[in-house]
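Handing you a structure now.
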Amino acid sequence: MVKSSLVLVLSLLLTPFPDVTCRNTDEVFQEQLLLKPLPSGDLVASFRFDIEWHGQTFEQRTETDESYLRYASLPREIVCTENLTPWKKLLPCDSKAGLATLLAGGKLFNSMYYSLGLHFRPVPMRPDDAGWSWQLTQTLTVVFDGFVRSKLTGTNGWTLSSLFGRPLDGPCPIASRSRLYVDITDIEQAPGFSLNPAGTTVTEASGMDRKYSYVLYNLLQPSTFAQVKRLNPSVNWDADWDMQSQRPWLHVERFLTGVGLHHGGISSLLHNRHPNRSLTVHHQDTLPWFLRVYSHTLTVTTAGKANPPSYVGYRPARDRERPHQLELLLTLPPATITRVDIQFERALLTWTEYPPDANHGVHICAAVVTAVLPDSDPCTGLCSENSPVSFYRPLVRDTGHLSRLYTQTLLVSLPTPDFSMPYNVVCLTCTVVAIGFGSFHNILTRSFRTRDPAQASGIVRHLANLIRRWRGVPLL
Amino acid sequence: MCQYCLIQVCTSRFWFNYRHVANVLSVYRSVKRLGIPDSHIIMMLADDMACNARNPRPATVFNNAHEQINVYGDDVEVDYRGYEVTVENFVRLLMGRVPPNTPRSKRLLSDERSNILIYMTGHGGDGFLKFQDSEEITNIELADAFEQMWQKKRYHEIAFIMDTCQAVSMYQKFYSPNIVAIASSQVGEDSLSHHVDSSIGVYVIDRFTYYLLEFLEKIHPASQNTMDELFRVCPKRDCISTPGQRTDLFSRDLSTVLITEFFGSVRKVELVTRVVSVPSLRDLLTTVPGKKDDINEGVTLSNVFADQLPVAQMVQKGKQKEWHPPDGFILAFWALVLLVFFKTYAVAQFPPVAVVGNPGLNRSSMEIRFVVHIMIWHRFLRQMPFLVTSYDTHGYGTPILTRTYTKPSTLVLISPTSEG
């Protein structure tokens with residue numbers, strides 16, 4: 001099953017970032033690729049391209065001004081090479097040099113999951129916070145199917161060219177940072193583990209006694225390409241090694257409940273996997289107006305017991321004007337699963353409002369779950385000089401990292417009218433009018449007289465008479 | 001501003017219309033190869049085939065069962081996709097009346113010197129082209145859109161290629177100058193698809209486009225092939241349908257127009273070593289060559305432009321208007337008038353039958369009414385004229401005729417002794 005999502009979030013978050021690392025004013029373009037094997041056998045590849053340039057200085061805001069926050073979401077966009085092409089054109093080196101040479105549509109979209117992202121924000125300049133610069137971050141995440149690959153190759157392993165179709169030739173010349181990371185945390189203890197060519201091993205530790213190991217290939221260092229002309233890391237390990245991967249603290253799923261085309265429900269499951277810390281999450285949902293949501297059916301339960309949210313913000317929809325907006329502030333107890341349920345009824349749209357393929361259904365936007373995760377989130381690496389920045393997480397008040405998760409989009413079947421009815425009505429009406437009125441009209445306006453049938457020609461009459469004589473009926 | 005523009009529309013949705021997307025992408029590839037850049041190409045694909053869940057080879061679209069060329073490629077740019085491909089968007093694109101925040105890639109930036117190639121494919125019928133299985137554009141709308149383009153000087157010449165069923169009907173209503181049209185099948189004929197790729201499971205290319213591509217593969221930017229060769233690209237034995245063309249609106253002789261004037265972006269560049277002095281615009285405005293009158297001193301720029309494109313001379317023939325019998329509302333109106341007239345006239349001609357009932361002792365008025373009704377239906381079913389006049393009896397059987405249309409000529413008496 002191929003999943004795709006195009007995340008185009010233009011949210012100008014004007015929160016200050018008091019403690020920000022991994023950047024200095026000289027760096028303009030950075031690129032990074034992180035390869036990480038998953039316990040399921042799949043492999044996730046995360047590309048990240050950062051472009052930063054100086055903007056004009058403006059007043060630094062010391063607190064979040066909510067009136068500047070805008071949120072827009074497109075539930076469904078088909079992502080294919082036609083999206084990748086203009087996305088690649090934003091890169092300074094396009095797809096001619098550096099890590100972007102690996103972005104070939106054929107291999108990328110023949111995968112389990114792919115996601116293109118574009119993030120644009122102002123960031124304070126370092127070392128002084130007087131000025132601001134603009135940062136454009138382009139991310140691409142692909143999950144390659146491990147089952148197919150391991151059956152084909154026989155072992156558990158991969159090479160860069162088997163994933164992307166080609167090895168790396170070199171960095172983007174104008175990049176100040178061009179790195180390839182291979183996450184070997186889960187597999188370095190595996191029997192039969194081999195990785196070549198050798199790169200720099202980077203280890204980092206976070207709280208909770210967790211250690212992460214990466215192999216770093218710095219493409220800007222000439223030593224990376226000293227032995228081999230083209231960099232093609234290959235990793236192998238025994239297929240029966242059981243990976244003990246650390247799972248993220250916060251995980252969200254969303255799905256539809258109910259049967260039929262009238263009623264239904266939406267359920268969100270929020271998993272808090274932290275063993276002893278409870279998380280405060282902000283759950284935001286935007287539902288279209290034709291799903292008539294009943295706010296009195298909103299229930300939040302944790303392990304069977306009610307867990308009322310600390311804040312519920314609900315703005316009901318107005319038909320054809322604005323959607324429903326539901327915001328919840330939830331406290332998730334440690335090591336629990338919280339369930340948020342809400343019921344809705346489907347409305348009938350006018351027949352011109354349905355899309356051309358009305359029976360496909362409509363897509364519902366993803367819910368956005370925002371949380372401040374404790375410092376020791378296994379999904380983020382700490383921003384040291386050599387560590388990978390899998391996604392830049394702004395620190396919030398030194399207590400943790402801001403994390404924003406998007407749930408799955410839902411596909412809701414709407415009750416559709418019979419679109420052939422206008423045609424049927426026209427046909428039926430015309431038939432009734434033609435037959436009913438037409439025959440009545442004929443009777444009113446015509447007089448009928450009998451007419452002698454035309455005499456058949458001689459031969460035909462002779463033949464007909466032969467038959468008639470045989471039959472014994474009067475002759476013509 | 002595009003001097004050589006290409007507009008491509010694939011109007012079909014759903015997986016089994018894979019071949020229409022392959023048609024469009026193949027022509028796109030050929031045209032890009034001949035030099036028209038993406039910024040001058042507007043591509044409208046109504047559905048996504050490459051990353052469709054049913055595509056066994058994601059991110060690829062093939063136009064041939066051998067699967068040698070991936071026409072989707074690595075650098076495709078689609079301007080209108082999915083639900084955006086509607087009749088309204090297409091017509092707005094042609095006329096330039098797009099919403100103000102439309103990005104540049106979705107606008108047709110053509111002027112009076114642009115040669116526009118328009119290629120449309122999908123499902124069509126007699127006089128219409130179906131968009132996305134939910135709406136259609138008629139040949140009259142298309143002709144009017146082209147006329148608006150002409151009035152607003154949005155094109156110099158248009159080459160219109162249509163690969164649908166009954167495609168010839170779509171160009172029959174054109175009336176603007178400088179349009180050459182090629183269609184893949186006549187009215188009443190279907191355009192057929194070429195072959196199936198059994199590994200993908202659908203037809204991958206249409207016949208007309210397949211042979212058109214075979215022809216275009218031989219074209220390179222320096223080719224001297226002319227546009228009239230396009231008319232012979234697909235003979236009946238290959239296409240099974242009969243392609244048609246329309247050249248009466250085109251001002252130049254098509255055997256002198258190169259293919260690359262529409263399909264490619266070939267401009268004639270001549271390198272000169274001598275210095276050429278270009279007169280300034282003021283000189284151009286004040287001195288019109290050949291006229292030495294003082295009156296023409298102040299000739300304006302608009303006059304100079306108008307002379308470059310003498311419309312009256314180019315449109316040689318008048319519009320060919322065929323007379324069609326009236327249809328629709330006018331027909332219904334006149335039918336009603338005639339009906340009323342004939343009814344009133346015909347009614348006067350009926351031999352009316354006056355039915356008089358005498359209830360008497362044995363027959364009640366209900367019985368009489370019943371008999372009367374039977375008589376009416378009897379005559380009705382035998383298609384004989386009848387007319388009912390109402391009657392009444394006052395108790396003792398004296399019939400009174402209360403309402404007649406004309407003097408009755410037949411009198412039927414129902415009495416206790418008659419059989420009715």
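The chains referred to below are lettered A, B, ... by the order of the sequence lines, with proteins before strands, and numbering in each begins at 1.
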- Mind listing the closest non-hydrogen atom pair of A/Lys88 and B/Asp74 along with its distance? NZ-O, 4.2 Å
- Task: Against chain A, label B/Phe131 side chain, backbone, both or neither, depending on which of its atoms sit under 4.5 Å from a heavy atom there.
- Result: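 For B/Phe131, neither part sits under 4.5 Å from chain A.
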- Let me see the working for A/Phe109 and B/Asn55 under side chain to side chain contact (heavy atoms under 4.5 Å, CB included), right down to the final yes or no. CA-CA 11 Å; A/Phe109 297 111; B/Asn55 193 348; over 6 Å; no
- Let me know if A/Thr81 has heavy atoms under 4.5 Å from chain B in its side chain, its backbone, both or neither.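 Backbone plus side chain of A/Thr81, per the 4.5 Å heavy-atom cut-off to chain B.
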- If you round to the nearest 0.5 Å, how far is CG of B/Asp47 from CG of A/Asp357? 7.5 Å
- Message: Just so I understand: if I count every heavy-atom pair under 4.5 Å between each of B/Asp38, B/Asp48, B/Asn70 and chain A, which residue has the most?
- Response: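 Max contact count across the listed options: B/Asp48.
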- Message: I want to check something: taking the side chain as every heavy atom from C-beta on, are B/Arg81 and A/Glu82 in contact at a cut-off of under 4.5 Å?
- Response: yes
- Query: Highest number of heavy-atom pairs under 4.5 Å with chain B: which of A/Cys80, A/Pro86, A/Ser95?
  - Reply: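 Of the options given, most contacts go to A/Cys80.
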- Evaluate whether atom CZ of B/Arg104 has more than 12 neighbouring non-hydrogen atoms of other residues, nucleotides or ligands under 6.0 angstrom away.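 Open.
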- Closest-packed option against chain A by number of heavy-atom pairs under 4.5 Å, given B/Ala59, B/Ser105, B/Gly82, B/Gly73: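 Top option by heavy-atom pairs under 4.5 Å: B/Ala59.
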- Query: To the nearest 0.5 Å, how far apart are CD in B/Glu135 and OG1 in A/Thr352?
  - Reply: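 Going from the CD atom of B/Glu135 to the OG1 atom of A/Thr352 covers 11.5 Å.
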- Message: For A/Lys107, which atoms come within 4.5 Å of any heavy atom of chain B: side chain, backbone, both, or neither?
- Response: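 Looking at A/Lys107, nothing touches chain B.
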- Can you tell if the side chain of A/Tyr114 reaches within under 4.5 Å of the side chain of B/Cys51, non-hydrogen atoms only? yes
- Side chain from CB out, backbone as N, CA, C, O: work out which of these in B/Ala53 comes under 4.5 Å of a heavy atom of chain A, or both, or neither.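 B/Ala53 has no heavy atom closer than 4.5 Å to chain A.
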- Message: With heavy-atom distances below 4.5 Å as the criterion, would you say the side chains of A/Asn110 and B/Arg57 are in contact?
- Response: no
- Message: Tell me which of these, A/Asn442, A/Thr85, A/Leu103, has more heavy-atom pairs under 4.5 Å with chain B than the rest.
- Response: A/Thr85
- Task: Flag yes if more than 12 heavy atoms outside B/Tyr203 fall under 6.0 Å of its OH atom; otherwise flag no.
- Result: no
- Query: Any side-chain heavy atom of B/Asp133 within less than 4.5 Å of one from A/Phe419?
  - Reply: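 No, every pair of side-chain atoms sits at 4.5 Å or beyond.
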